[in-house]
Number of protein chains: 2
Amino acid sequence: MPVAKGATLDPAQTRASILRAATGLLYQRGLDGIGVAELCATMGVSKETLYRHFGSKEGLVRAVLEARSQRIMAWVLKAVTAAGDEPYAQLAAVFDALAQWHEEPTFRGCGILNAATQQHEGPARLVAHHHLDRQLDVLTDIARRAGVSNATHLAKQFLALRVGATVLADHHADTEAALLAKQAALALLRSAITTPAPAPRP
Amino acid sequence: MPVAKGATLDPAQTRASILRAATGLLYQRGLDGIGVAELCATMGVSKETLYRHFGSKEGLVRAVLEARSQRIMAWVLKAVTAAGDEPYAQLAAVFDALAQWHEEPTFRGCGILNAATQQHEGPARLVAHHHLDRQLDVLTDIARRAGVSNATHLAKQFLALRVGATVLADHHADTEAALLAKQAALALLRSAITTPAPAPRP
DNA sequence: CGAACATCGAACCGAGCGGTTCCATCTGAG
DNA sequence: CTCAGATGGAACCGCTCGGTTCGATGTTCG
């Protein structure tokens with residue numbers, strides 16, 4: 001990353017380095033909160049290099065968000081598999097990982113959803129939609145393997161708790177939001193198993 | 001709103017008219033998505049008038065957000081009181097109102113939380129925090145009058161479901177998020193009443 | 001060595017931003 | 001009628017933005 005002056009260290013490596021640095025800066029300051037010039041200056045990279053690798057600021061943002069989505073999914077799946085085979089334990093692990101994330105001092109909400117909110121045109125909304133899809137898949141799988149009949153509905157309730165807790169941790173400085181969301185999710189799973197299949201009544 | 005040329009219709013009325021128009025525009029386009037010039041042109045108001053009434057764009061934003069928070073609270077309280085005295089019915093009414101809001105074609109998430117996410121410095125975050133406080137008060141009151149022992153915890157879980165459902169309705173185009181959140185909230189309340197007081201186990 | 005390549009640094013561009021000012025116009029109160 | 005006040009319209013200001021271009025510097029490979 002020092003990148004002397006005319007180093008041909010490896011374009012792919014330069015690209016990865018930019019991606020890594022830009023991820024943090026765009027997350028902390030917001031997509032429109034930092035310009036390309038300051039971005040480049042802070043990363044120690046010239047604008048020409050950035051534009052050769054990503055084409056535009058929007059291209060950089062898209063790459064950052066997609067990489068972030070990948071990283072988050074890997075991190076969630078790792079927590080789930082580390083929790084063993086028990087659906088209850090896996091569900092608890094998802095929310096424990098959430099709590100751990102919320103406690104990081106640099107936490108500022110979900111970077112992907114924040115981006116989609118800031119840039120309400122552009123690729124961020126697509127990335128966010130896809131990202132939520134994948135998170136829902138994980139939760140649906142847990143619910144299904146727990147043997148409930150309405151796994152899809154239950155998973156959506158888990159997901160609402162998950163993103164709701166993240167928003168509260170951010171905008172309400174609620175340090176116990178993830179823990180309470182976990183207890184709520186476990187209670188819902190328990191209730192869904194004892195109660196066979198509640199017909200949806202509006 | 002026609003406001004011929006030099007009309008002294010009433011400064012307060014002008015202010016209210018600006019506030020009303022700006023609320024919609026800033027919500028739809030985002031705080032940074034529309035400039036003061038376009039804002040004024042669309043509203044049919046001169047920049048001088050806007051700056052005389054609100055001092056700065058940030059002042060306008062603050063006024064818009066505070067008015068919005070007031071309006072939302074009034075709307076929630078109206079739904080709650082219209083639901084009678086039963087805590088269950090009141091809780092259901094809160095989420096039914098949510099569903100109704102999500103179905104509006106102009107729905108774009110919670111304007112206050114969106115603003116706080118877009119403008120992560122500035123007054124929006126304070127308004128958002130206060131707004132969540134007040135929403136939590138309503139839910140805590142419902143939980144308390146339902147006779148549960150851990151009303152505060154339960155209310156935070158309701159709030160997480162509420163904001164989570166709103167985020168999913170926006171970013172995931174999830175039209176049934178509010179309904180599922182309602183069912184989850186009711187199940188949690190039911191479970192909290194049958195189960196006396198679950199000791200918080202981390 | 002020499003050609004190709006990647007990079008930095010800086011200058012530059014047009015556009016849009018938030019904000020200010022001036023003035024002609026119109027209204028309502030005295 | 002007259003005058004103070006509120007307004008619209010337009011020009012203007014300094015600044016920052018995303019993006020482009022150019023030359024100098026250094027590395028890698030044949």
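Numbered from 1 within each chain, the chains take letters A, B, ... in sequence-line order. Below, each value reflects all heavy atoms present in this structure, side chains not excepted, and no hydrogens, waters or symmetry copies.
Not one side-chain nitrogen or oxygen of A:His53 sits closer than 4.0 Å to the OP1 or OP2 atom of C:dA6. One finds no side-chain N or O of B:Arg52 lying less than 4.0 angstrom from the OP1 or OP2 phosphate oxygen of D:dA6. OP1 and OP2 of D:dA10 both lie 4.0 Å or more from every side-chain N or O belonging to B:Ser46. At the phosphate of C:dA6, neither OP1 nor OP2 sits under 4.0 Å from any side-chain N or O atom of A:Thr49.
With sequence neighbours left out, the side-chain contact (heavy atoms from CB on, under 4.5 Å) criterion links B:Thr175 to no other residue. A:Leu77 pairs by the side-chain contact (heavy atoms from CB on, under 4.5 Å) definition with A:Val138, not counting sequence neighbours. With sequence neighbours excluded, the residues satisfying ring pair (Phe, Tyr, Trp, His ring centres under 6.0 Å) with B:Phe107 are B:Trp101, B:His102. With sequence neighbours left out, A:Glu103 forms a side-chain contact (heavy atoms from CB on, under 4.5 Å) with no residue at all. The ring pair (Phe, Tyr, Trp, His ring centres under 6.0 Å) test applied to A:His53 returns no partner, not counting sequence neighbours.
For the helix from C:dC1-D:dG30 to C:dG30-D:dC1, the rotation axes defined at the first and last 5 base pairs enclose an angle of 10°, given to the nearest 10°.
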(message) Assess the residue pair B:His171 and A:His129 against the criterion (ring-ring contact (aromatic ring centres under 6.0 Å, His included)); give the C-alpha distance rounded to whole Å, side-chain angles, the decisive distance to 0.1 Å, and a yes or no.
(response) CA-CA 6 Å; B:His171 293 307; A:His129 191 108; 9.7 Å; no
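Taking atom CG of residue B:Leu60 and atom C1' of nucleotide C:dC17, one finds them 15 Å apart after rounding to whole Å. Rounded to a whole Å, the CG atom of A:Leu31 is 14 Å from the P atom of D:dC17. Between B:Leu50 atom CG and D:dT7 atom C1' the separation is 13 Å, expressed in whole Å. Taking atom CZ on A:Phe54 and atom P on D:dT20, their separation rounds to 16 Å, with Å as the unit. Separating the CD atom of A:Glu38 from the P atom of D:dG19 is a distance of 16 Å, rounded to the nearest angstrom. Rounded to an integer number of Å, the gap from CZ of A:Arg15 to C1' of C:dC5 is 18 Å. Going from atom CZ of A:Arg29 over to atom P of D:dC17 covers 9 Å, rounded to whole Å. Per the geometry, CD1 belonging to A:Ile34 stands 14 Å off P belonging to D:dT16, to the nearest Å.
Relative to the side chain of A:Val45, the nucleotides C:dC8, C:dT7, D:dT7 differ in distance, and C:dC8 lies closest.
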Interface polar pairs with nucleotides 19-21 of chain C, N/O, under 3.5 angstrom:
{"from": "C:dG19", "atom 1": "OP2", "to": "B:Tyr51", "atom 2": "OH", "distance (Å)": "2.9"}
{"from": "C:dG19", "atom 1": "OP2", "to": "B:Lys57", "atom 2": "N", "distance (Å)": "2.7"}
{"from": "C:dG19", "atom 1": "N7", "to": "B:Lys47", "atom 2": "NZ", "distance (Å)": "2.6"}
{"from": "C:dG19", "atom 1": "O6", "to": "B:Lys47", "atom 2": "NZ", "distance (Å)": "2.4"}

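In this structure, B:Asp85 places its CG atom where only 12 or fewer heavy-atom neighbours from other residues, nucleotides or ligands lie under 6.0 Å away.
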Name each donor-acceptor pair under 3.5 Å that joins a side chain in residues 59-69 of chain B to protein atoms two or more places apart or in another chain, with its distance.
{"from": "B:Ser69", "atom 1": "OG", "to": "B:His131", "atom 2": "ND1", "distance (Å)": "2.9"}
{"from": "B:Ser69", "atom 1": "OG", "to": "B:Arg134", "atom 2": "NH2", "distance (Å)": "2.5"}

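Sequence neighbours left out, the pairs with a member in residues 153-171 of chain A that pass salt bridge (charged side-chain N to carboxylate O under 4.0 Å, His left out) are A:Lys156-B:Asp174, A:Lys156-B:Glu176, A:Asp170-B:Arg125.
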